[in-house]
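Below is one structure, written out as structure tokens; comments come after it.
Within every chain, numbering begins at 1; the chains are lettered A, B, ... in the order of the sequence lines, protein sequences first and strands thereafter. Because the structure is predicted, anything quoted here is derived from the model rather than measured.
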Amino acid sequence: MQQKIRFILLLSAFSFLACSDLIELTPQNSITYRNALETQKDLESVLHGAAQLAMSISIINNGYESALKGEYADIYNPSYRILREFEPEAQLAGRFEDHYLLIAQSNVVLEFSPTIAMSQERRQMYNGQANFYKALAYFDLLKKFGDCVLIKDEVELYPKAKSPRTEVADYAIELAALAAEQLPEFEQVTNHLGAAPRYKSTPSKGAANALLAHLCAWKAGTKYFAEDPDYDEMALWSQAEAACTQIIKSGSYQLATSPEEVCTEVLVGDSKESIYEIVFKDMWHENPNFIVYPIFIAIGYQTYPVKPNSSPFDVRNAPFRIENATVREMYPNNDERKFAYFYRFEEMSRPENALISGGFAYPYKWRNILVNTEGWSAGLFRDNFNMNKIWWRLADIILLRAECRARLGNTEGAIQDINTIRARAKADLYDANEYGGDVRYAVFKEREKELLLEETRYWDIIRNGYVREELEGRVRVASDQDFIDGMFFLPIGSAAFQRNPLMRQNKYWQKYL
Amino acid sequence: VEEILQVIEIIAFQRYRSDMQEKALLSYFARGEYNYHQKYLFSASFRRDGSSVFGANNKWGTFPSLALGWAFSEESFVKQHIGWFDLGKLRASWGRSGMNFSQNYLALGIMKAGEPYQGNGVLTPEFHRGLYNDELSWEETDQYDFGLDIDLFHSRFSFTADYYYRYTDKMLMHMPLPGTHNGYREQWRNAAAVSNEGIELLASFKILQRQNIYWKVSVNGARNWNRFEKSYDDRDVSNTWIIGKPLAGMYALRTEGFIQSQSDLPIFFSPTGRSNFLSAAGYPLAPYREGDYRFVDFNGDGLIAPYNDAVYFASALPTISGGILQEVRWRNFDCNLLFSFQLGRHIVNQMPLLSLATTEAEISKPFLLNIDKTVFWSDPGDRDADYPRIQYDNFNWTYFNLIDRYVERVNWLKMKTFTLGYELPVSLSKRFGWSGLRIFYSGENLFTFSSYSGLDPETVPIDTGMDDGKSYPLARKMTLGLTLKF
């Protein structure tokens, strides 16, 4: 009897041992979070997903509206007035779902890359790309929303409050610096087959440095309205300057030869000057949904001769208009940008043509239009350009370095950088009498000229603190506290508040909601 | 593709196309039974189950059960003193059981193939509901049963009563995650709890039981109460389930008659100080006017919308349902009559609403209302109108189906089957060389007593109570038959 009992006990003990393995199943065929990532190729597939999300944060989520508040225009339609004048009813609540999707997607790469067999070098590169995308998401959040929820590597299942924008910026700077360290230069980035990337949408050392420079500059420049301004902005300016210098010296990028080439090549995409861009050109079949989004602000400025079936009269009805006089003043003498960025400027701005043009210039920077290719609407304009969205190009970085140098007191260096850009445009070189000798303002103006309609001006103004002079409407009479409260940012959309009692609305807009 | 709780989850393939999915279940099971002279009954079971479908930390569940019975009619004090007591038995049981969900890889997290990017494949987590959950585990049900069986007067009268209470905990639910900072929107969790309790009664009485005549009546009835007990975060699941309310609840907009004059309407102020009358959500420029329903704006935002202002109104389930069966035999005739009934259901007859609605999609239905006798609101002071003033219903919710006025309380009793038969006497059949002949008539759904305005309450879905006016009533069927046996 005792033996029998022992035997039964032994048998059951044995089966208990075996059991936990039996019910551990790895799916043979279906992909799950646990078994999907086994090779470098799988990791790249996840990074492609991240790149797709980077596309959507580049064009939607109210970045367009933010940029519209600061883009240069002399006259604009009344419907845009309330937006540009910071009237509460025109402020659309922004959504940041896509930013956090990008962060979550990048975290998948960071979680699985240590488990996949590959060389340390390749692992660095994949991690670098993931860190770049995360930093990019935070950079965009910082520009559009200011304070935001800070997610690091975790999947946060609980309510979470926003973190101050300075803290978020610190984390993003850390990530961007890490990415810049981990990623090779653009030409050396390869996929698992050893092939070089086809498009500038692949993150590289240059892209990470551009992101790092912009992040540092943003944190440094926005100190005047930080809630907790207890940080050393000079260190940030020099970090930004160093990152710019790294890009400029890397030799991977080079300025296009003329402003005309900027329009015909750089803005179109895949140029030597471009550092990081989102590929839309000829990729619409993959992203048919994006066609309907306003991707380029220029669509509101450009009519004749870019839009098909338009006439010179149409410029009078463009939502945003720039006067001939402004153009002449902006680009004095032989500045070639005047002729590249505006259609036949000399001819169209003659006084006798004012009857047609109403005295407005014809912006002509984006030229490759997108037309339908099939069906009844073949040949019809799609209100979009078949061009890439350039996040950063070398000219932007050179002028950002000029700004850093002006901040750091290196006037000579700043002037040198301004002159690099002016020389390309065959414009008059810097003269000590310009803008009352204010080099920083000269840099700002140079960025305004060079990057006209490239959706940087709104943030340039904020970074430089020229808000009361250069922005319009309520900003001019707002108090410093209004700036601290988040006037420059978007109100937060309702989804972020669902089940998250710790979420708080942007303090400035809260009053009007 | 898998469907769980009406949610379709798409799982991508890793290497090749196939429908193969695996699931492993490992169980240990023990069971014991004992009875003492058929008087005291006892049984118990114990099982421990592990399944591969659950999260890594929570694969095992333990499920015991226990049942006790006492046949008190076997006790000597009953046997000796009460002769007409045939059987009396009390039962009690408790058991815990586990439910394994059908989705095999839910706990592992789901990845999916996205749209191509620059010609390359894309892999992303399924951000909607695909978040892994290592804690995912069994759904557990605790059930308590108490029963009484009684047979009296040589089985002339028998009676069975049962009471049950069932508490199902850790039910699988896709739980919305807080905010948007996570990336993922929902996670499957063992979160919800539902309770069910009910009484089931069955009584039968043989009124006549003689050689040539037999008449038996059986009546049964059942009543169930269910409650949504718990959600993932102890908050109501918006407009679907409210904690403490029945599951099959109807959430309706409440009305207080008609708006008789514009001054009846409250005025709401926007943040910028603009005044607005009450209006349908999204249409602040088309406020409610005289002759519209006077909706109750429960959340006080000045906008009427079912997703914000609907409140629990009633349960669609019947209070009591059951049947009455009569069996009669007299000489060679036999008759069988079955009634079934449901009392206290709630139903919305959508047919008139769909007929009155002015959009084409809604009026293309098989049955339409004859509005000859329908009264619409026409003048201030009109309180008895059936419907608001006749108008184009552009998002004013007038013909929205869940409005308190449209919910009817319905009782019905239906003659489900009726059979009348005649069996030819054996002696007569034999003469023709047959071994038997039976002639019968049977009818189904012969008539219904009902308080319902629509066609047939029995065809209305019992859980929603929404009669879409598209289902045909149950057919009345009559059969005349002859059975001949050789």
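- Ranked by non-hydrogen atom pairs under 4.5 Å with chain A, the options B/A56, B/G183, B/G119, B/G50 are led by B/G183.
- Proximity to chain B is limited to the side chain of A/V149, based on heavy atoms less than 4.5 angstrom apart.
- In this structure the side chain of B/R235 reaches within 4.5 angstrom of the side chain of A/R499, judged on heavy atoms.
- To the nearest 0.5 Å, the span separating OG1 on B/T180 from CZ on A/F96 amounts to 4.5 Å.
- Proximity to chain B is limited to the side chain of A/Y199, based on heavy atoms less than 4.5 angstrom apart.
- Heavy-atom distances place no part of B/N133 under 4.5 Å from chain A, backbone and side chain included.
- A/V279 has its side chain within reach of B/Q118: a pair of non-hydrogen atoms, C-beta onward, lies under 4.5 Å apart.
- With rounding to the nearest 0.5 angstrom, the CD1 atom of A/I103 is 11.0 Å from the CG atom of B/N182.
- Most heavy-atom pairs under 4.5 Å with chain B, from the set A/R34, A/E156, A/E286: that is A/E286.
- Not counting sequence neighbours, A/Y126 has no partner by the ring-ring contact (aromatic ring centres under 6.0 Å, His included) test.
- B/R185 CZ: 12 or fewer foreign heavy atoms inside a 6.0 Å radius.
- For chain B, the option among A/S201, A/P501, A/C148, A/A50 with the highest count of heavy-atom pairs below 4.5 Å is A/S201.
- For NZ of A/K389, the number of neighbouring non-hydrogen atoms (other residues, nucleotides, ligands) closer than 6.0 Å is greater than 12.
- A distance-only check finds a donor-acceptor pair linking the side chain of B/H181 to the backbone of A/Y158 [under 3.5 Å].
- Here the side chains of B/L123 and A/I31 are in contact, with some heavy-atom distance below 4.5 Å.
- Across every non-hydrogen atom of A/T32 and B/Y105, the tightest pair is CG2-CB, 3.6 Å.
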Side chain to side chain contact (heavy atoms under 4.5 Å, CB included), that's the test. Do A/V155 and B/Y184 meet it? Break it down for me. CA-CA 8 Å; A/V155 174; B/Y184 298 87; 4.2 Å; yes
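- In this structure, CZ on B/F127 lies 5.0 Å from CG on A/L101, to the nearest 0.5 angstrom.
- Looking only at heavy-atom pairs under 4.5 Å with chain A, the residue among B/G109, B/P178, B/P125 that has the most is B/P178.
- With a 4.5 angstrom heavy-atom cutoff, B/S51 touches chain A only via backbone atoms.
- Looking at A/L157 and B/Q187, their side chains come closer than 4.5 Å, going by heavy atoms from C-beta outward.
- Ranked by heavy-atom pairs under 4.5 Å with chain B, the list A/K160, A/Q498, A/Q105 is led by A/Q105.
- Although no hydrogens or angles enter the test, the distance criterion places a donor-acceptor pair under 3.5 Å between the side chain of A/Q52 and the main chain of B/E115.
- For chain B, the nearby part of A/V108 is the side chain; its heavy atoms alone come within less than 4.5 Å.
- Of the listed residues (A/A104, A/P159, A/G49), the one with the most heavy-atom contacts under 4.5 Å to chain B is A/P159.
- Put simply, the side chain of A/M283 does not reach to within 4.5 Å of the side chain of B/Y117, judged on heavy atoms.
- Neither the backbone nor the side chain of A/M503 comes within contact range of chain B, judged by heavy atoms closer than 4.5 Å.
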